[in-house]
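This report concerns only the one structure given below.
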Amino acid sequence: MAYGSLAWSLSALLGLLLTPSLGLEPPRISFPLESPERPLPLFSQPDIKNTTTLLLSDDGSTLFVGAQDAVLSLDVSQPDVITMKTKMEWKPPPDVLHECTTKGKKETTDCPNFVRVLQPINATHLYACGTFAYNPHDTYMDTDTLTMAKVPRKYNNGKGCCPFNPYQRNTAISVDGELFTATTNDFLGKTPMVSRHLSKDGRPDVSQDTSVTLNEPTFVSSASDTSEGKVYFFFSEIGNEYSFLDEFKVARVAQVCKDDIGGERILQKRWTSFAKAELLCRPPKELPFNIIQDVFTLAPSEGYSTQDIIFYGIFTSQWSVASGQSAVCAFRLGDIKDVFAGNYKIFQNHQWSPRMYKTSNLGKCGLANASDTTLMAVKESFLASGSVRPIGNAPVLNSPDQRYSRIAALRTKAANGQDYTILFLLSESGFLHKAVLLNKDTHIIEEIQVFRQPQLVKNILLSTSKGVLYVGTSEGVTQVPVSQCSSYKSCAQCVLARDPLCGWDPARGHCASVSAIPANARQDVEHGNVMECQGSLTAKPLLVEVHAQLNEVVRLKCSRSSNLATLSWKSAKASALPHHLFFHSGDENLVFMATPDTFGIYHCISVERGYEETAAIYTVSFSPQAIDTPAVQFRITTTETKDQMTTMMEIPSDTDQLDHINFGEDPVITTDVTTTDKTPNTNSSTEKPEDMTPDPLSSSEKPEDHNEPLTAKNYHSELVAVSFLLAVCVCVLVLGGLYGCHLQGRYKLGPSDTAEGGYKEENDPLEVSPPSIKKAE
Ligand SMILES: *[C@@H]1O[C@H](CO)[C@@H](O)[C@H](O)[C@H]1NC(C)=O
Ligand SMILES: *[C@@H]1O[C@H](CO)[C@@H](O)[C@H](O)[C@H]1NC(C)=O
Ligand SMILES: *[C@@H]1O[C@H](CO)[C@@H](O)[C@H](O)[C@H]1NC(C)=O
Ligand SMILES: *[C@@H]1O[C@H](CO)[C@@H](O)[C@H](O)[C@H]1NC(C)=O
């Protein structure tokens, strides 16, 4: 056995010395906290803390919240506001608090009553359990008034239903009015317990013979399969079957039969149906993600059996050397059942025997009257030999830089009728990521910041019927609509989002929920191909006029519509420009010095998935006054733009910029001089300064003498100032570049010019209207 184990561990170790998996693109759009495009109703009150246990009423109008020393009911029937209906205080009395503090616990952080279980128990009452100063208590509450019913249970004691320690995790699920729980069950938090409470029809409560079967578990989630009368628990624990790897954790699923009443002589009031199995979540050739953080149960689509219930689990790794921060694996209930129906390992004399039990009654329901021999076998064989493999044998998502901790999922029909699964992933840093599982990979549609501070305890609750996700933290309860299609302002943005919930309605000319579009919704979830939008006009950007004095530093802003877009700048004054005067600051803004040569029109071009659009247009012109004259905005007309932009130059993006700032060689610049015109021949007022102002700089500036471009004596002091500014910018850029490299190591950033080979057509003259649509691939 030892040799076999060693061989296994060696191969496991060799397996990990391989390259990390391919990166995941960053979320396409980021919404910081309180961003106006994605308003999130928040319920928060200074005297209400730790609102982390969430339960939605059947009709979806009331959210019950377990908080610190209180249970609340919130009115969530309005889409844009959450209000409090009722608050029921539930505090430990002074003597209980005193006892808690004398045991060395802190009165304000450890000893309050943190309500950790809220479950519906019948049509009129909820069941609630709280840590109650390290002395778990439970109660029933009327759902309308939250008044506590007289409690029939002995001593009002919630032992075994929720933990003593509020920082330990637990899970509970009510099935037909009975309560199934998994929690630690002692002051030190060392004794785990899986049990049934509130048992009906006079049958006994049943619990787990804990000392042997579980090893320092952390329970994260539970689910029930009513068709087979089984309840499943998800947790991580120390996998002592891997005795050669010290403290090696494994992710597990455990089952019990809901109607189990224990054995007659052996296993009295103990589960006869308890069995556990390992859940594998391991990318090919990498270390396993062996710690499970959360599980969401996704019901099968209509017409499918319960075998197709899918459990989406978030996993992290025990080792910091693992390539990724977290991963999502999906498990089919049918596969879990197959493993529980297979062979079992045998635990004898405190160790795992190399023998196995072939299936007999193990893992089956209805062993109440089974023979003593059968029950002895049950006692020593509770670990399935097989492991549960995820769908596709690999994670559906492997994030190199996000540590996800909570998950929810929904299935939806896209405009083309295909089903897609959307995952909502809450990151440790306070962002909710919305990801769609595509046929081949995963696309993160958006990230929404939902809280400020990292949260030790938090929860999310999805209501698919309401299209809303609730996030409960110590900061309050936030309501997040699953989609906000109206935040996409053009057909192109709507299609590029690749959100199965959103499509462009060509009749009404807006991006809307797919279910609300009667016909011809424009959408391409798999490829985000903007060809879908042919015929739907894109809004043109406003022309912004900027007035600058000579030798002032001009900064033109361009913001991305998406984190996946690449921005570049183009100017009409191609060959006349001393290129080294331009550079991009780290945020893709264009910075240059105002000279007669640099007055003119600038376009910021955004390219995403081969689709090119103008993100901003500026005209920079001479002004004898200060630079910060309020910019005048007006719509640029098509003809004007076309005239002026026939000769274009692309200002190189930041990959080349260090050259420019060195004032060294003439930088390599891609000019796309497709016509012979040098200067746009217009009588536009913005061109006037060039004609009128005497120009000491441009006269001394031949392309050959770029080494000394800034020597004009009558501008000496200004130039010193500008040089200083440029030096500052160099530093910023170098730092920015380093940071960029760092980022690139973490993400695959948006498409780069070289990598995409012809994906982006640089040499085309810009056409602003109609929008130039370039097909990807
Ligand atoms: C629900 O349970 C509570 C507590 O056991 C009980 O008082 C109440 O009568 C029950 N209501 C119904 C409709 O069964
Ligand atoms: C098990 O035994 C009890 C009495 O000991 C009996 O009432 C019950 O029907 C038996 N159950 C089965 C499944 O045989
Ligand atoms: C309660 O909330 C506070 C912040 O207000 C947080 O520091 C603490 O960890 C929370 N405690 C529990 C048990 O959730
Ligand atoms: C510019 O305007 C002047 C009169 O203001 C006109 O004579 C000239 O033809 C115009 N040039 C062009 C190229 O339109």
Side-chain angles (χ1 to χ4, degrees), residues 27-29 31 35-41 60 77-80 298-299 301-303 408-424 432-439 442-448 462-469 479-540 561-562 564-565 606 608-611 613 769-771 773-776:
R28 182 173 176 274
I29 300 207
F31 295 104
S35 70
E37 302 95 331
R38 206 78 160 84
L40 305 178
S77 54
Q78 308 302 314
D80 49 1
L298 186 64
S301 346
E302 243 173 75
L410 63 81
R411 196 183 280 111
T412 188
K413 258 198 195 339
N416 63 5
Q418 196 184 330
D419 272 348
Y420 281 99
T421 300
I422 295 181
L423 304 181
F424 297 91
L432 187 69
H433 285 200
K434 173 176 163 189
V436 55
L437 304 182
L438 304 174
N439 288 340
T442 299
H443 165 64
I444 303 183
I445 298 166
E446 58 186 355
E447 63 174 354
I448 305 163
L462 173 69
S463 167
T464 312
S465 56
K466 296 186 73 178
V468 164
L469 190 98
Q479 176 172 319
V480 186
V482 294
S483 67
Q484 180 104 30
C485 305
S486 62
S487 69
Y488 303 113
K489 299 296 181 210
S490 67
C491 180
Q493 290 304 316
C494 187
V495 170
L496 284 169
R498 299 161 77 194
D499 185 339
L501 296 167
C502 294
W504 184 258
D505 182 345
R508 298 219 178 109
H510 66 176
C511 190
S513 178
V514 165
S515 56
I517 303 175
N520 298 325
R522 304 279 197 264
Q523 187 189 60
D524 181 8
V525 177
E526 285 296 333
H527 304 108
N529 188 345
V530 179
M531 289 297 277
E532 287 285 328
C533 288
Q534 214 108 61
S536 297
L537 282 173
T538 304
K540 295 178 205 84
S561 52
S562 143
L564 306 184
S606 150
E608 181 175 1
R609 304 192 72 76
Y611 169 73
E613 84 180 359
S769 178
I773 294 171
K774 292 181 179 113
K775 194 177 186 309

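Hydrogens, waters and symmetry mates play no part in the numbers below; they use all other heavy atoms, side chains included. It should be emphasised that the depicted structure is a prediction, and the values quoted were computed from it without experimental measurement.
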Ionic contact status for E526 with R498, cut-off 4.0 Å: no

Pair R28-E608, side chain to side chain contact (heavy atoms under 4.5 Å, CB included): steps then yes or no: CA-CA 10 Å; R28 182 173 176 274; E608 181 175 1; 2.6 Å; yes

Between CG on residue L462 and CZ on residue F424, distance to nearest 0.5 Å: 6.0 Å

Residue list, ring-ring contact (aromatic ring centres under 6.0 Å, His included) with H443, at least two apart or on another chain: none

Spatial distance of atom CG (D524) from atom SG (C533) [nearest 0.5 Å]: 10.0 Å

E532/W504 under side chain to side chain contact (heavy atoms under 4.5 Å, CB included): CA gap, chis, key distance, verdict: CA-CA 9 Å; E532 287 285 328; W504 184 258; over 6 Å; no

Distance (rounded to the nearest 0.5 Å) between I445 CD1 and L496 CG: 12.5 Å

Contact check, side chains of R411 and S301, non-hydrogen atoms, under 4.5 Å: yes

Pair T412-D419, side chain to side chain contact (heavy atoms under 4.5 Å, CB included): steps then yes or no: CA-CA 6 Å; T412 188; D419 272 348; over 6 Å; no

Separation of SG atoms, C485 and C494, below 2.5 Å: no

Exercise: identify the closest heavy-atom pair between Y420 and P500: CB-CG, 3.9 Å

Atom pair CG/CD1 of L564 and I444 - distance to nearest 0.5 Å: 9.5 Å

K434 side chain to V482 backbone, donor-acceptor under 3.5 Å: yes

Least distance between heavy atoms, V495 atom then N529 atom: CG1-O, 3.4 Å

Side-chain heavy-atom pair V480, I448 within 4.5 angstrom cut-off: yes

Nearest heavy atoms of G528 and R609, plus distance in Å: O-CD, 4.2 Å

Beyond-backbone contact of I29 with Y488, side-chain heavy atoms, under 4.5 angstrom: yes

Value rounded to 0.5 Å, distance of CG in L40 from OG in S35: 7.0 Å

Residues E613 and S606: side-chain donor-acceptor under 3.5 angstrom: no

Those residues that, when tested against S515, pass side-chain contact (heavy atoms from CB on, under 4.5 Å) (two or more places apart): S513

Counterpart residues, salt bridge (charged side-chain N to carboxylate O under 4.0 Å, His left out), relative to D80 (two or more places apart): none

Side-chain donor or acceptor of Q479 paired with backbone N/O of P79 under 3.5 Å: yes

Value rounded to 0.5 Å, distance of OG in S487 from CD in Q493: 9.5 Å

Expected output: side-chain Q523 to main-chain C502 donor-acceptor under 3.5 Å: yes

Heavy-atom pair of closest approach, residues A512 and I517: O-CD1, 3.9 Å

NZ/NE/NH1/NH2 to OD/OE distance under 4.0 Å, R38 and E446: yes

Closest non-hydrogen atom pair between D499 and S483, with its separation: OD2-CB, 4.1 Å

Salt-bridge contact R522-D505 (side-chain N to carboxylate O under 4.0 Å): no

Residues V525, V436; criterion side chain to side chain contact (heavy atoms under 4.5 Å, CB included); working and verdict: CA-CA 9 Å; V525 177; V436 55; 4.2 Å; yes

